[in-house]
Amino acid sequence: MAGLATAFGSGAMTNSMDDIAANAQAMFVIGSNTTEQHPVFGTMIRRAVRQRGVKLIVADPRRIDLVDFAVLHLQQKPGTDIALLNGLMYIILEKGWEDKEFIAARTEGFEAFKETVMRYPPEKVSEITGVPVEKLYQAAEIMGTVKPMAVMWAMGITQHIIGTQNVLNLANLQMLLGNMGVPGGGTNPLRGQNNVQGACDLGGLPNVYPAYQKVTSEEARKKFEAAWGVPLAPHVGMTVTEMMPGILEGKIHALYILGEDPIMSDPHTEHIRECLEQVDFLLLQEIFPSETSHYADILLPGATFAEKTGTFTNTERRVQMVHQAIEPPGEARPDWWITMELAKRLLEGRVLAPDAPYASWEYSSTRDIMKEINALAPSYGGITHERLEAGERLQWPCPDENHPGTPILHVGKFARGLGKFHPIEHIPPAEEPTDDYPFVMSTGRVLYHWHGGEMTRRAKGIMQVYGQALIEINPEDAERLGLDGGKRVRVTSRRGSIEAEAWVTERVPPGMVYANFHFPDASANELTQAVLDPVAKIPEYKVTAVKVEVVGETAGATRSKV
Amino acid sequence: MISITLNGQKIEAREGQTILEVAREHGIRIPTLCYHKDLSPTGNCRICVVEVKGARFLQAACVTQVWDGMEIETHSEKAVASRKRTLSLMLANHPPDCLTCDASGSCELQDLAYEYQVEVPAWGAKGTRYPVDSDPNPFIRVDMNKCILCRRCVLACAEIQVRDVWGVAKRGFEEVIVAGAGTTMLEARCESCGQCVAYCPTGALTNKMSYGLGRAHQIEKVTTTCGYCGVGCQFDLQVRDGRIIGVASNPNAPVNGMALCVKGRYGWDYIHHPDRLTKPMVRRYLLEGKEKPKTPLSERSASALWEWVETDWDTALGLAAQRLGRAREAHGPDSVGVLTSAKCLNEENYLMNKFARQVIGTNNIDHCARL
Ligand code: SF4
Ligand code: SF4
Ligand code: SF4
């Protein structure tokens, strides 16, 4: 979460889910369809509303399930979150609801920020976002007067070209209201996959070593060179969204992919196919012959979570044990074992500094690996398998064996010292509807499926309930297009087209369609574009201009090139 | 603090506590059926009744608050007789199916019948009153013949899942639990979370996917963390003969308690799917030591050099190391890219990071967090 790190010095969810559920008096959910993407937390929010009377504000272009529980639904046009937030903060400032004490004592950059916000009066904001002025006032009043308020968001905020700015503006909002470092408040990005947080924490990013130690910091580099016994690259590496085109540019020649399916999860599928077809060597470690496996040169059988022991870190920085319940099938092996064996073979004949304590790849279990993490990643310093097995509940930062962990971040002081306000201007999305492509398409997940669908499409009951891709379309649009019951639609963007059954529903407003990327036959990523947020390098999935045509009742989804 | 007498012993209690809470704190077990600590107490099953001195009727311990000077007998003759009568009435309406029931061994009604030695009365209704497996929900098996009308499912859906699928229809002998206005569960907007199953004390609601695969004493439980989303729910994998046969809530789970969603509770059968990769595989051209043929993707399936060949680990790892090493030698460490996985363990992600940076010498490592 690049934005939060810039504002506060640390990019993770600041509060815990149980804390929010128990202590928030108001909740602001923006760009998160929580009950479908993070279902159990979604039910915790529903419970808080029903049982404690928490005031819930939902900002989402779609009429998502949580709207039924909200006191207010702000149905902003896709890609106008910044204007919406600036408009709300304008009213908060106008009414004097800001937390002056907090701003003076714990933040900097307020004046420049205020100057920008004051250029967003409610009438202008209403015009940009489509949210009525009156609703803006109602929302601002709840935010300004009901404390503490917790803010939650997910990919609906980050998957835009201006995703990082969106996040910075949510940080602005919570500093303005003084909702940081307190129970029931905070900025809370909900991480998608089960261990995205852990993958980021442990160095699965091109710019940082484990625990966010920068690869460009000489001190950090020296530390890891001494630990691992080799000289290390001093420059930032490539992101996944740069590596793929890097293949065609002759920069990337070989790929080692663990359990990822770029064909299904990356934008503009057709382009990814071309890239993977060209790469000199693709090593893929997977549990299923995924869409990406067609491009692989070697396919190594890994293990599911039920077949190995170790840890995951959830969205609230909580590290928890995963226990092996069964043996992997056939010759399949735990993924750590495979990586270890591969490393040993590549290191054969190479000389590593003999006194480097962690140069070796001799591990007998993930417990050994965790000991190395404890030594090298300060925020994980005290998180051991032994403590977790003894039933301790640990959230990082947890620097040493006696530290109890940290349920709430930034209490009394931000990780970077003072919290920093950033003036953020509205920028329209890269692709806006035109006469030829009059609809806005947004993409995401549904409750019953998961990501590229490799696992859930192989779960029988789940396929009985939700067995094919559905395109959500508003009844008004459906009527105009002459779409009635059970018909299929073709959705076409400048990059490709897909066909699938239409689901006529009030969930989407007129002028918008919603598609998912769980089914290879009709994956929304055939249509999305590889326009990236310049800082976080996250593709713009939430706004694609498309046209929609009725194709009749043909069976079976199909895919075609434009 | 107030003082009460519990089974002849003077003890201290806090104002507002129920008899049940005080008794449990003091290690006295009052049996319950409709009561569950996560749900609002209703006092409707009458199993937890106790004798309170001076009261005309037996009191339901789960809803009755203690008062100063209260004298309680939890297992008086009258209380025990009443429980037996209640159980007898429940069993009269319950098919004596324990031999074939999935819930046998984890059924709270069965446990109480055993504890109080109550048999199915000879005059009991034996036939099935409702269709067995009556709902098409693919995850939840409904057999209302076994329902004891405790309403835990109603409360679990309303208070934990906040979905209000289950309700009570009709009265008296006809009283029955129904989804929505007598529709199917999914039509009543069920999210298939299985909370109602987890709280049901009998075999009325069970897990379809696990049905017939094993009963409590045959199952090994392994506590673990969900592999789907970032909420990080914990649960118990149920294992029998080396296979996963189900998922059960673990009440001690830090984030979620008993709650799970459809993916966590019912999305596990992919683990044993026949599509699983079980052997390392390499393209034939690699085994023959050839360069990668420039065959377009559409023609690869017809090309012998592109055929997948199953090999042993040593061969596959050796070839993988050789080709990665070659790219690194020929084009430099930054010509290699590593994609680690947000589905894999922390320890595995650390190793992928070490692999890219130490072994290859590049910072080209990423995963799909941005996607
Ligand atoms: S499965 Fe969940 S949503 Fe469906 S009826 Fe049971 S508790 Fe309610
Ligand atoms: S279905 Fe189960 S939980 Fe629901 S009332 Fe009947 S016995 Fe109780
Ligand atoms: S059970 Fe559902 S909500 Fe919980 S971690 Fe798994 S997928 Fe997420």
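The figures that follow rest on heavy atoms only: side chains count, while hydrogens, waters and symmetry mates do not. Letters go in sequence order (proteins before strands), and every chain restarts at 1. These numbers were taken from a predicted model, which means no experiment stands behind them.
At a 4.5 Å heavy-atom cutoff, B/Glu310 makes no contact with chain A through either its backbone or its side chain. With a 4.5 angstrom heavy-atom cutoff, A/Arg333 touches chain B via backbone and side-chain atoms both. For A/Ile338, the parts lying near chain B are the backbone and the side chain together; criterion is any non-hydrogen pair under 4.5 Å. Looking at A/Val236, the atoms closer than 4.5 Å to chain B (heavy atoms on both sides) all sit in the backbone: N, CA, C or O. Looking at B/Leu237, the atoms closer than 4.5 Å to chain A (heavy atoms on both sides) all sit in the side chain, from C-beta outward. Interface remark: B/Phe355 contributes backbone and side-chain atoms alike to the contact with chain A (heavy atom separation under 4.5 Å). Both the backbone and the side chain of B/Pro296 come within contact range of chain A, with heavy atoms under 4.5 Å apart. Residue B/Lys208 does not touch chain A at all, counting heavy-atom pairs closer than 4.5 Å. Contact annotation for B/Ala330: neither backbone nor side-chain heavy atoms come within less than 4.5 Å of a heavy atom of chain A. Both the backbone and the side chain of B/Met281 come within contact range of chain A, each with at least one heavy atom under 4.5 Å from a heavy atom of that chain. Residue contact with chain A, scored on non-hydrogen atoms closer than 4.5 Å, involves the backbone and the side chain of B/Ser192 alike. Contact of B/Lys279 with chain A is made through backbone and side chain together, with heavy-atom distances under 4.5 Å. With a 4.5 angstrom heavy-atom cutoff, A/Ala296 touches chain B via backbone and side-chain atoms both. Only the side chain of B/Ala327 has a heavy atom closer than 4.5 Å to any heavy atom of chain A. Both the backbone and the side chain of A/Glu277 come within less than 4.5 Å of a heavy atom of chain B. In this structure, chain A has no heavy atom under 4.5 Å from any part of B/Asp312. Looking at A/Val49, neither its backbone nor its side chain comes within 4.5 Å of chain B, counting heavy atoms on both sides. In this structure, chain A has no heavy atom under 4.5 Å from any part of B/Trp268. With a threshold of 4.5 angstrom between heavy atoms, B/Leu186 approaches chain A through side-chain atoms but not through N, CA, C or O. Heavy atoms of B/Cys226 lying under 4.5 Å from chain A belong exclusively to its backbone. In this structure, the portions of A/Ala359 lying under 4.5 Å from any heavy atom of chain B include both its backbone and its side chain.
By the 4.5 Å heavy-atom criterion applied to side chains, A/Phe281 and B/Val336 are not counted as neighbours. Counting heavy atoms from C-beta outward, A/Trp361 and B/Val359 have side chains that approach closer than 4.5 Å. At least one side-chain heavy atom of A/Ile298 sits under 4.5 Å from a side-chain heavy atom of B/Leu319. Two residues are said to be in side-chain contact when any heavy atoms from C-beta on lie closer than 4.5 Å; A/Ile252 and B/His331 fail this criterion. For the pair A/Ile383 and B/Asn346, the minimum side-chain heavy-atom distance is 4.5 Å or more. At least one side-chain heavy atom of A/Tyr256 sits less than 4.5 Å from a side-chain heavy atom of B/Met352. You'll find the side chain of B/Val255 reaches within 4.5 Å of the side chain of A/Glu316, heavy atoms only. Counting only heavy atoms from C-beta outward, the side chains of A/Thr304 and B/Arg276 approach each other to under 4.5 Å.
Here the NZ atom belonging to A/Lys251 is positioned 13.0 Å from the OG atom belonging to B/Ser335, to the nearest 0.5 angstrom. Going from atom CG of B/Leu351 over to atom CE of A/Met340 covers 8.5 Å, rounded to the nearest 0.5 Å. To the nearest 0.5 angstrom, B/Tyr350 atom OH is 14.5 Å from A/Trp336 atom CH2. Annotation: the span from A/Leu258 atom CG to B/Ser341 atom OG amounts to 5.0 Å, rounded to 0.5 Å. Here B/Leu277 contributes atom CG and A/Leu299 contributes atom CG; the two are 5.0 Å apart, rounded to the nearest 0.5 Å. Rounded to the nearest 0.5 angstrom, A/Phe305 CZ and B/Thr225 OG1 are separated by 9.0 Å.
Between A/Gly204 and B/Thr340, the shortest heavy-atom contact is CA-CG2, 3.8 Å. Of all non-hydrogen atoms in B/Arg300 and A/Tyr295, the two that sit nearest each other are NH1-CA, 4.4 Å.
Partner of B/Glu347 under the side chain to side chain donor-acceptor pair (under 3.5 Å) criterion, out of A/Thr311, A/Thr309, A/Thr366, A/Thr339: A/Thr311 alone.
Annotation for B/Lys221: atom NZ does not count as buried by contact number, only 12 or fewer foreign heavy atoms lying within 6.0 Å.
A/Arg46 and B/Glu191 are joined by a salt bridge, as a carboxylate oxygen and a charged side-chain nitrogen come within less than 4.0 angstrom of each other. Ionic pairing of A/Arg50 and B/Glu159 is not present here: no N-O contact between side-chain nitrogen and carboxylate oxygen is shorter than 4.0 angstrom. For B/Lys343 and A/Asp335, the salt-bridge test fails: no basic side-chain N is under 4.0 Å from an acidic carboxylate O. No salt bridge links A/Asp297 with B/Arg323; every basic N to acidic carboxylate O contact stays at or beyond 4.0 Å.
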Checklist line | Intermediate values then yes/no, side chain to side chain contact (heavy atoms under 4.5 Å, CB included), A/Arg47 and B/Gln161 | finding: CA-CA 8 Å; A/Arg47 257 176 266 163; B/Gln161 189 66 8; over 6 Å; no
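For chain A, the option among B/Asn256, B/Leu317, B/Asn349, B/Val222 with the highest count of heavy-atom pairs below 4.5 Å is B/Leu317.
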